[in-house]
Undergrad: 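I'd like to ask some things about the structure below.
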Amino acid sequence: MTENQASTNLRWRLEELDFSALDAAKVQARDDIFLLVCSASFVESGADVYAQNLVDYFAGDAEAGEWLDAHWMAEELQHGRALKAYVQQVWPDFDWDGAYADFFAEYSKLCTTDELEPTRGQEMVARCIVEMGTTTYYQALHAVSDEPVLRDLCWRIRTDEVQHYKHFYHYFLSYREREHLSRPQVIATLWRRAAELRQSDADIALRHAWNWRFRGRADAPPYDAMSRQLFALMRTQYPVDMAMRMAIKPLQLPAWLEQRMERPLSAMARWALLH
């Protein structure tokens, strides 16, 4: 797929961001916002590696493969470009390319087909959890920032991620029938992937953003303390109920059971996502 072909499939374009409305003074001195935006830019910019793994994994499925290649990957990469552009506009002295190179050298080693679920249906369940995580992340980041361009960008990405979730869920339903996936199999996949949300790529990205942000600075805060600060900030606006609904949807629970289980499921979701 060429760059021109990819651009025709995008819901919005980087050029639509109004950087003339940027109020950099609101965020330039905020290390927390920088780290949240920069780490996200790293993960999104590396999307082509794990996206290609998915394209290969779903070879032979023309519908899913075409969407993954022509839509999902193109949109993920645009997210990376847009977030990078924002970082460079607000923090022009930051060596984004150098920091990203360090991140990618470590991150790319994790992007193997061994990390995928054992069946295509279960991988679609895992993708639902990943998209739930990104949707809620950008919604929370939108809420904790008062800089207008960042808020606009976060909401654009959040809207894309909601659409990605819907596509993965649609493909999951198809594979669930073909593979006769049981509810215990779905639960196991949901739990496995939810437990990984605060690990691996996100942690690697944050560590490299922190390392390059504070290198050579005598006032550098400890990484663990900074990580806890970021988590506490995002938790104030994290849409837990939305996350819970997106997380349990693949379970296909009867309405009466879902209603009865709403409170305990919400409590489990809060524990898993916020602790």
Side-chain angles (χ1 to χ4, degrees), residues 7 10-47 74-100 103 130-165 197-198 201-214 217 221 226-240 242-243 273-274:
S7 67
L10 298 171
R11 275 182 278 268
W12 57 275
R13 290 173 174 76
L14 174 58
E15 294 74 23
E16 295 173 20
L17 294 177
D18 184 13
F19 280 110
S20 68
L22 181 68
D23 189 352
K26 288 183 179 292
V27 289
Q28 268 180 336
R30 292 193 60 178
D31 292 328
D32 52 359
I33 296 296
F34 167 82
L35 291 171
L36 291 167
V37 175
C38 187
S39 59
S41 76
F42 290 168
V43 175
E44 301 279 11
S45 295
E75 290 174 358
E76 294 291 292
L77 290 173
Q78 175 170 255
H79 298 168
R81 290 193 298 272
L83 290 163
K84 175 185 177 180
Y86 186 85
V87 170
Q88 293 180 323
Q89 285 280 335
V90 179
W91 300 279
D93 295 334
F94 180 74
D95 184 3
W96 190 94
D97 291 316
Y100 177 73
F103 157 77
V130 171
E131 298 300 337
M132 176 275 289
T134 53
T135 297
T136 52
Y137 179 89
Y138 287 110
Q139 182 161 322
L141 183 54
H142 170 272
V144 301
S145 173
D146 60 353
E147 199 290 301
V149 178
L150 180 57
R151 286 174 58 84
D152 176 36
L153 174 55
C154 286
W155 202 256
R156 288 173 186 264
I157 297 177
R158 180 256 187 209
T159 302
D160 283 349
E161 304 293 9
V162 169
Q163 295 304 314
H164 295 171
Y165 177 94
L197 283 180
R198 291 181 58 201
D201 56 352
D203 184 63
I204 293 170
L206 185 59
R207 277 194 289 106
H208 286 288
W210 171 85
N211 183 48
W212 281 74
R213 170 69 164 173
F214 294 106
R217 282 175 50 175
M226 192 76 239
S227 180
R228 288 193 297 271
Q229 179 184 330
L230 297 178
F231 190 58
L233 173 66
M234 293 290 273
R235 184 168 54 188
T236 63
Q237 297 295 333
Y238 193 81
V240 176
M242 177 186 185
L273 295 168
L274 299 181

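The first residue in the sequence is number 1, and the count goes up from there. Note that this is a predicted model, so its numbers are computed, not measured.
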Undergrad: Considering only heavy atoms from C-beta outward, does the side chain of L36 approach that of Y137 to under 4.5 Å?
TA: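 Result yes, sub-4.5 Å side-chain heavy-atom pair found.
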Undergrad: Between Y238 and F231 (side chain of the first, backbone of the second, donor and acceptor by atom type, cut-off under 3.5 Å), is there such a pair?
TA: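 Flag not set: sc Y238 to bb F231 has no pair under 3.5 Å.
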Undergrad: How are the rings of Y100 and W96 set to each other: parallel, tilted or perpendicular (split at 30° and 60°)?
TA: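 Parallel.
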Undergrad: Does a side-chain N-to-carboxylate-O contact under 4.0 Å join R156 and D160?
TA: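 Not counted as a salt bridge, because no side-chain N and carboxylate O are separated by less than 4.0 Å.
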Undergrad: Counting C-beta onward and ignoring hydrogens, is there a side-chain heavy-atom pair between I33 and L150 closer than 4.5 Å?
TA: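 Heavy-atom side-chain distance check passes, below 4.5 Å.
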Undergrad: Quick one: closest heavy-atom pair of L206 and S227, and the distance?
TA: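 Smallest interatomic distance, heavy atoms only, reads CD2-OG, 4.1 Å.
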Undergrad: Looking at residues at least two apart in the chain, or sitting in another chain, which of them share a ring-ring contact (aromatic ring centres under 6.0 Å, His included) with Y138?
TA: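 Checked Y138 against ring-ring contact (aromatic ring centres under 6.0 Å, His included); zero matches.
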Undergrad: How close do A21 and V149 get, heavy atom to heavy atom, and via which atoms?
TA: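 Scanning both residues completely, I find the closest heavy atoms to be C-CG2, 3.8 Å.
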Undergrad: Is there a donor-acceptor contact under 3.5 Å from the side chain of S145 to the main chain of H142?
TA: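 Not a single qualifying donor-acceptor pair exists.
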Undergrad: Whether R158 engages the ring of W155 as a cation-pi pair (distance to the six-membered ring centre under 6.0 angstrom, angle to the ring normal within 45°) should be assessed.
TA: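 R158 over W155 ring: yes.
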Undergrad: Can you measure from CZ (R81) to OG (S41) and round to the nearest 0.5 angstrom?
TA: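 Result: 13.0 Å between the selected atoms.
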Undergrad: What's the spacing between Q237 CD and T136 OG1 if we round to 0.5 Å?
TA: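 Those atoms lie 13.0 Å apart.
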Undergrad: Considering non-hydrogen atoms only, spot the tightest contact between P239 and Q139 and give its length.
TA: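 So the minimum-distance heavy-atom pair works out to CB-NE2, 3.7 Å.
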Undergrad: Measure the shortest side-chain to side-chain distance between W210 and P221 over non-hydrogen atoms and say whether it is less than 4.5 angstrom.
TA: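 Yes, their side chains come closer than 4.5 Å.
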Undergrad: Would you check if F214 and D31 make a side-chain contact, meaning some heavy-atom pair closer than 4.5 Å?
TA: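 In contact.
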Undergrad: Any side-chain heavy atom of T159 within less than 4.5 Å of one from R11?
TA: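 Counting from C-beta outward, T159 and R11 never come under 4.5 Å.
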Undergrad: Taking atom NZ of K84 and atom OG of S45, what is their separation to the nearest 0.5 Å?
TA: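 Spacing of NZ (K84) from OG (S45) equals 7.0 Å.
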Undergrad: Answer whether the closest heavy-atom distance between the side chains of L153 and H79 falls below 4.5 Å.
TA: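 They are not in side-chain contact.
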Undergrad: I need the I157 CD1 to D152 CG distance, nearest 0.5 Å.
TA: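 Going from the CD1 atom of I157 to the CG atom of D152 covers 10.0 Å.
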Undergrad: Distance-only check: which donor-acceptor pairs under 3.5 Å involve side-chain atoms of residues 85-92, not counting sequence neighbours?
TA:
| from | atom 1 | to | atom 2 | distance (Å) |
| --- | --- | --- | --- | --- |
| Y86 | OH | E147 | OE1 | 2.8 |
| W91 | NE1 | Q28 | O | 3.0 |

Undergrad: Ignoring hydrogens, what is the shortest heavy-atom contact between D23 and P148? Give both atom names and the distance.
TA: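 Residues D23 and P148, closest heavy atoms: CB-CD, 4.2 Å.
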Undergrad: Give, for atom CD1 of I204 and atom OG of S39, the distance between the pair rounded to the nearest 0.5 Å.
TA: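 Going from the CD1 atom of I204 to the OG atom of S39 covers 12.0 Å.
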Undergrad: How far apart are the C-alpha atoms of R30 and L233, what are their side-chain angles, what is the distance that settles it, and do they pass the side-chain contact (heavy atoms from CB on, under 4.5 Å) test?
TA: CA-CA 12 Å; R30 292 193 60 178; L233 173 66; 3.9 Å; yes
Undergrad: Applying side-chain hydrogen bond (donor to acceptor under 3.5 Å, both in side chains), run through H164 and E161 and close with a yes or a no.
TA: CA-CA 5 Å; H164 295 171; E161 304 293 9; 3.1 Å; yes
Undergrad: Return the minimal non-hydrogen interatomic distance between V43 and A205, and the atom names on each side.
TA: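 Scanning both residues completely, I find the closest heavy atoms to be CG2-CB, 3.6 Å.
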Undergrad: Considering residues at least two apart in sequence or located in another chain, which fulfil the ring-ring contact (aromatic ring centres under 6.0 Å, His included) criterion with F94?
TA: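 Applying ring-ring contact (aromatic ring centres under 6.0 Å, His included) to F94 gives F34.
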